[in-house]
Amino acid sequence: MLEKSPSTDLKDQVLLITGATRGIGLTIARAAAAEGARIVLIGKTATPHPRLEGTLTTAQEEVEAAGGEALALQCDIRDETAVQASVAKAVAHFGGIDILVNNASAIQLSDTITTSMKRFDLMHQVNMRGTFACGQACLPYLKDSERGGKILTLSPPLNMEPQYFGPHLAYSMAKFGM
């Protein structure tokens with residue numbers, strides 16, 4: 001559970017979480033909902049994926065079961081227009097945004113030789129471009145937040161150790177770019 005204090009009290013705060021249909025994004029959404037937050041779930045998965053669990057519908061059900069109010073919006077964060085439209089829908093529904101959680105990420109832990117340019121482009125478009133687009137679209141509302149808007153981006157610390165670059169350069173570059 002999240003620690004209760006004036007700085008982390010999530011009651012009635014609006015969190016917009018990207019990559020919220022499964023994994024860390026969904027875990028954050030459920031925990032914040034249990035603390036009384038209102039959650040905007042941003043994800044691409046509206047219909048079940050053959051290999052991955054979770055859809056926007058199942059994520060919304062889980063957040064509501066945890067005690068929160070949720071708005072599920074299908075959005076590919078690589079698409080600037082779609083991001084802006086999703087943020088506008090979130091603001092219309094909840095009245096603002098207090099916290100942006102940049103969680104969406106594309107991953108492939110492959111070496112430089114075997115990483116296709118298609119996968120390289122995907123990782124950089126989702127991890128860097130999508131993160132930037134979401135921050136840019138949310139910023140006016142975060143600035144208006146009575147609780148002091150915040151952006152949480154799930155990325156590694158900028159650590160230039162070879163262990164992060166040698167085995168999977170393309171992915172590390174994309175995550176560090178977040």
Quick one: [atom1] on [X] to [atom2] on [Y], what's the gap to the nearest 0.5 Å?
X: K44; Y: H49; atom1: NZ; atom2: NE2; answer: 8.5 Å
X: S86; Y: D76; atom1: OG; atom2: CG; answer: 10.0 Å
X: E146; Y: D12; atom1: CD; atom2: CG; answer: 11.0 Å
X: T18; Y: L154; atom1: OG1; atom2: CG; answer: 8.5 Å
X: T153; Y: N103; atom1: OG1; atom2: CG; answer: 10.0 Å
X: H168; Y: D111; atom1: NE2; atom2: CG; answer: 10.5 Å

Flag, side chain of [X] to backbone of [Y], donor-acceptor distance under 3.5 Å:
X: T27; Y: G23; value: yes
X: R78; Y: V126; value: no
X: S172; Y: L169; value: no

Go through the structure and list residues passing side chain to side chain donor-acceptor pair (under 3.5 Å) with [X], not counting sequence neighbours.
X: T57; value: none
X: Q84; value: E80
X: S105; value: N127, K175

_Worked verdict on M123 versus Y171 for side chain to side chain contact (heavy atoms under 4.5 Å, CB included)_ = CA-CA 7 Å; M123 289 188 289; Y171 174 68; 3.8 Å; yes
So do [Y] and [X] actually touch side chain to side chain, heavy atoms under 4.5 Å?
X: E53; Y: R22; value: no
X: C138; Y: I151; value: no
X: I99; Y: L16; value: no
X: L122; Y: K118; value: no
X: L73; Y: V40; value: yes

Hydrophobic clustering (ILVMFWY, side-chain heavy atoms < 4.5 Å, transitive) - are [Y] and [X] grouped together?
X: L152; Y: L100; answer: no
X: L15; Y: I42; answer: no
X: V63; Y: L71; answer: no
X: L10; Y: L142; answer: no
X: V83; Y: V14; answer: yes

*Among pairs that include at least one residue of residues 128-139, which meet side chain to side chain donor-acceptor pair (under 3.5 Å), considering only residues two or more places apart or in two chains?*
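Sorted pair list comes back empty.
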*Answer with yes or no whether the side chains of T115 and S110 bring together a donor and an acceptor at under 3.5 Å.*
yes
[X] and [Y]: which non-hydrogen atoms are nearest, and at how many Å?
X: A37; Y: I39; value: CB-CD1, 3.9 Å
X: A104; Y: I77; value: CB-CD1, 3.6 Å
X: A70; Y: L41; value: CB-CD1, 4.0 Å
X: D79; Y: T81; value: OD1-N, 3.0 Å

Evaluate whether atom [atom1] of [X] has more than 12 neighbouring non-hydrogen atoms of other residues, nucleotides or ligands under 6.0 angstrom away.
X: F132; atom1: CZ; result: no
X: I24; atom1: CD1; result: no
X: E64; atom1: CD; result: yes

*asked:* Among residues at least two apart in sequence or on other chains, which ones pass ring pair (Phe, Tyr, Trp, His ring centres under 6.0 Å) with H124?
replied: F120
*Identify, with sequence neighbours excluded, every residue that meets ring pair (Phe, Tyr, Trp, His ring centres under 6.0 Å) alongside F94.*
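Scan of F94 (ring pair (Phe, Tyr, Trp, His ring centres under 6.0 Å), adjacent residues dropped) gives none.
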Below 4.0 angstrom, N of the basic side chain to O of the carboxylate: do [X] and [Y] qualify?
X: K11; Y: D9; value: no
X: R38; Y: D98; value: no
X: R30; Y: E62; value: yes

_Partner of I97 by side-chain contact (heavy atoms from CB on, under 4.5 Å), out of D144, L139, V91_ =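 The option that passes is V91.
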*Verify side chain to side chain contact (heavy atoms under 4.5 Å, CB included) between L52 and T45, making sure each step is shown before the conclusion.*
CA-CA 10 Å; L52 301 172; T45 309; over 6 Å; no
*Yes or no on side chain to side chain contact (heavy atoms under 4.5 Å, CB included) for L56 and T21, after CA distance, side-chain angles and deciding distance?*
CA-CA 5 Å; L56 285 163; T21 57; 3.7 Å; yes
